[in-house]
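Quick notes on the structure that follows.
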Amino acid sequence: MASRRLFQITHGLIGLRASSLARPHIARHLCSANKNFEYIISEVKGSKENVGFIQLNRPKALNALCDGLMFELSNALDAFESNSAIGAIVLTGSEKAFAAGADIKEMQPLTYQKCLKGDFLGHWTRVARCRKPVIAAVNGFALGGGCELAMMCDIIYAGEKAKFGQPEILLGTIPGAGGTQRLAKAVGKSLAMEMVLTGKPIDANRALQAGLVSAVFPVDKLLEKTLKTAEKIASLSKLSVGIAKEAINAGYEMPLQEGLHFEKRMFHSTFALDDRKEGMDAFVEKREANFTDN
């Protein structure tokens, strides 16, 4: 019974709507036409209003990822990237579920030909392409596409009751949005194989030990801690933060020597920034730096 319940929760089989996949152009148009999103909540947070906040909001479906939700998420990220005041973004769900998987009712009628012609899941990687740092605050289930979405973020903080898993094998398929790739790089080949081949999830503490998440907090403190980190990042030079993010992501895909060379060039580039001069001047003068993002 427990495994069957997990199977059902993971793939959001309770009352999900399947209309948006059939009409992705309509979903994209609606998302760009207004900010009253159907599947997410998007707002600005922080004492200096410099943190973008996105909450997945399909509570009846445990935040299952339908195509319409992913278009709205992309739209919200576009808005925050174009807002010069925003220095970091927080992505979260509910206490019960960050996202309990992809919307299986949308995928069920697909064929190989439809997937290929429509580049199915091609636009789901928008979070990974965000130029600004994105921190995932994960409470509850992060399964299937939910786990993949969390792994697209730059930092993952978890509530102590969080569960991470890739149970697609239970449906006779495999992860398709990075689960076989990012998971192995995050936790190592053996644990990734176990999670993907058995569908068995891991809890927050195991995820911390394995390196999948940066920290674990009590459920009611998770958002507070995540926003605090986001505000800290947003208070720094946005240019330098962006360069640092690019260097880490590029080096992650390169052999060490290539990565070291790339890092050195990125380090050299910061000497063209006013913020680099201000940061060093402030350190020498024993005062707080006043970054202007120039």
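FYI, side chains are in, hydrogens and waters are out, and symmetry mates aren't considered; it's all heavy atoms of this structure.
No donor-acceptor pair under 3.5 Å is formed between the side chain of Thr270 and the backbone N or O of Arg276. One N or O on the side chain of Asp293 and one on the backbone of Lys238 form a donor-acceptor pair closer than 3.5 Å. Formation of a donor-acceptor pair under 3.5 Å by the Glu278 side chain with backbone atoms of Asn290 is found in this model. Remark: the backbone N or O of Thr292 is paired with a side-chain donor or acceptor of Asp275 at under 3.5 angstrom. Under the 3.5 Å distance criterion, the side-chain polar atoms of Gln166 are left unmatched by any main-chain donor or acceptor of Pro175. A distance-only check finds no donor-acceptor pair linking the side chain of Lys163 to the backbone of Leu143 [under 3.5 Å]. Proximity of a side-chain donor or acceptor of Asn50 to a complementary backbone N or O of Gly87 within less than 3.5 Å is not detected. A donor-acceptor pair is defined here as one N or O able to donate and one able to accept, closer than 3.5 Å; such a pair exists between the side chain of Glu72 and the backbone of Glu38. Using modelled atom types, no side-chain atom of Arg58 and backbone atom of Tyr39 make a donor-acceptor pair closer than 3.5 Å. Not a single donor-acceptor pair under 3.5 Å links the side chain of Lys45 to the backbone N or O of Leu227.
By the 6.0 Å contact criterion, CZ on Arg131 is open, its count of non-hydrogen atoms from other residues, nucleotides or ligands being 12 or less. Within a 6.0 Å sphere centred on NZ of Lys48, other residues, nucleotides and ligands contribute 12 heavy atoms or fewer. For Glu43, the CD atom counts as densely surrounded, since its 6.0 Å shell holds more than 12 non-hydrogen atoms of other residues, nucleotides or ligands. The environment of NZ in Lys161 is sparse: at most 12 heavy-atom neighbours from other residues, nucleotides or ligands sit within 6.0 Å. With a 6.0 Å radius and a threshold of 12 heavy atoms from other residues, nucleotides or ligands, Met193 has its CE atom at or below the threshold. By the 6.0 Å contact criterion, CD on Glu288 is open, its count of non-hydrogen atoms from other residues, nucleotides or ligands being 12 or less.
Closest non-hydrogen pair, Ala99 versus Leu56, comes out as CB-CD1, 4.0 Å. Scanning all heavy atoms of the two residues, the minimum distance from Gly165 to Cys147 falls at O-CB, 3.4 Å. Residues Ile233 and Pro133 come closest through the heavy atom pair CG2-CG, 3.9 Å. Minimum heavy-atom separation, Ala247 to Phe262: CA-CE2, 3.8 Å. Closest approach of Ile54 and Ala76 over heavy atoms only: CD1-CB, 3.8 Å.
Phe53 and Ile89 are assigned to two separate hydrophobic clusters, defined by single-linkage of ILVMFWY side chains at heavy-atom distances under 4.5 Å.
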Next item on the list: For salt bridge (Lys or Arg N to Asp or Glu O under 4.0 Å), just list the numbers for Glu81 and Arg126, CA-CA rounded to whole Å, side-chain angles, deciding distance to a tenth of an Å, and then say yes or no.
Entry: CA-CA 12 Å; Glu81 277 199 329; Arg126 177 64 181 85; 2.7 Å; yes

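In summary, of the residues considered (Leu73, Ile156, Ile40), a side chain to side chain contact (heavy atoms under 4.5 Å, CB included) with Leu91 occurs for Leu73 alone.
No side-chain heavy atom of Val138 sits less than 4.5 Å from a side-chain heavy atom of Val213.
Looking at Lys221 and Glu160, no side-chain N of the basic residue comes within less than 4.0 Å of a carboxylate O on the acidic one, giving no salt bridge.
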